[in-house]
J.: 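One structure is given below, represented as structure tokens, and several questions about it will come after.
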Amino acid sequence: MSRRDLFHDIVRQALRNDGWRITHDPLRFNVGDYKIAIDLGAESTIAAERNEQKIAVEIKSFASDSTISEFHMAMGQFITYRFTLRLAEPERELYLAIPSTAYQDFFQRPLVQKLWQEQSLKLLVYNTQPPSIDQWIN
């Protein structure tokens, strides 16, 4: 089993606080010979507002010394997970969860912004204290 991200439990609580029910921790599925494990699977508990939306969330802390390396790894992982998720559970949307500090600093840099927008990364921006969702970016 892969190691959990530093802020895994915080994002889990933030999703609950935002009205989501955690259905998988982690969300596991197979595509061909590959075993995939995305950090969380969740469903909206407020069906009227979110049309019973199902999501998958890959959590990143961006806490290392090399933010650009973390970004490269996260983007590659996101693209791979998005593709395999479409095959296994096409009704589920994939989000990359990032801390608000990373979004406000690193993700606002012009090149980084163009890269995540070009690749259509869906972002879930979270706060660590208190655990909360700042933004959903489609």
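Throughout, numbering of the chain's residues begins at 1 and tracks the sequence.
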J.: Please examine the side chains of Tyr126 and Asp134, heavy atoms only from C-beta on, and report whether any two atoms are closer than 4.5 Å.
T.: no

J.: If you count heavy atoms of other groups shown closer than 6.0 angstrom to CD of Glu118, is the number above 12?
T.: no

J.: Quick one: does any side-chain atom of Arg12 pair with a main-chain N or O of Asp25 as donor and acceptor, under 3.5 Å?
T.: no

J.: When you compare the side chain of Thr84 with that of Phe29, does any pair of heavy atoms fall below 4.5 Å?
T.: yes

J.: With side chain to side chain contact (heavy atoms under 4.5 Å, CB included) as the test, would you mind laying out the steps for Glu93 and Asn138 before giving the verdict?
T.: CA-CA 10 Å; Glu93 295 282 340; Asn138 293 317; over 6 Å; no

J.: Walk me through it: do Gln13 and Asp9 pass the test side-chain hydrogen bond (donor to acceptor under 3.5 Å, both in side chains)?
T.: CA-CA 6 Å; Gln13 186 59 49; Asp9 292 333; over 6 Å; no

J.: Would you call Trp116 and Leu123 a side-chain contact if the rule is heavy atoms closer than 4.5 Å?
T.: yes

J.: Quick check against the 3.5 Å criterion: does Thr23 have a side-chain atom that pairs as donor or acceptor with the backbone of Glu43?
T.: no

J.: Using every non-hydrogen atom in the two residues, find where Phe62 and Pro99 come nearest and quote the distance to one decimal.
T.: CD1-CD, 4.3 Å

J.: Check the orientation of Phe71 and Phe106. Use parallel for under 30°, tilted for 30 to 60°, and perpendicular for over 60°.
T.: perpendicular

J.: Considering only heavy atoms from C-beta outward, does the side chain of Thr67 approach that of Val112 to under 4.5 Å?
T.: no

J.: Are Arg109 and Asp105 close enough that some pair of their side-chain heavy atoms sits under 4.5 Å apart?
T.: yes

J.: Can you hop from Phe78 to Phe107 via hydrophobic side chains spaced under 4.5 Å?
T.: yes

J.: Rounded to the nearest 0.5 Å, how far does CD1 of Ile55 lie from CD1 of Ile38?
T.: 11.0 Å

J.: Under a 4.5 Å cut-off applied to non-hydrogen side-chain atoms, are Ser44 and Trp20 in contact?
T.: yes

J.: Spell out, yes or no, whether Val57 and Leu96 are grouped together once hydrophobic residues are joined by side-chain heavy atoms under 4.5 Å, including indirect joins.
T.: no

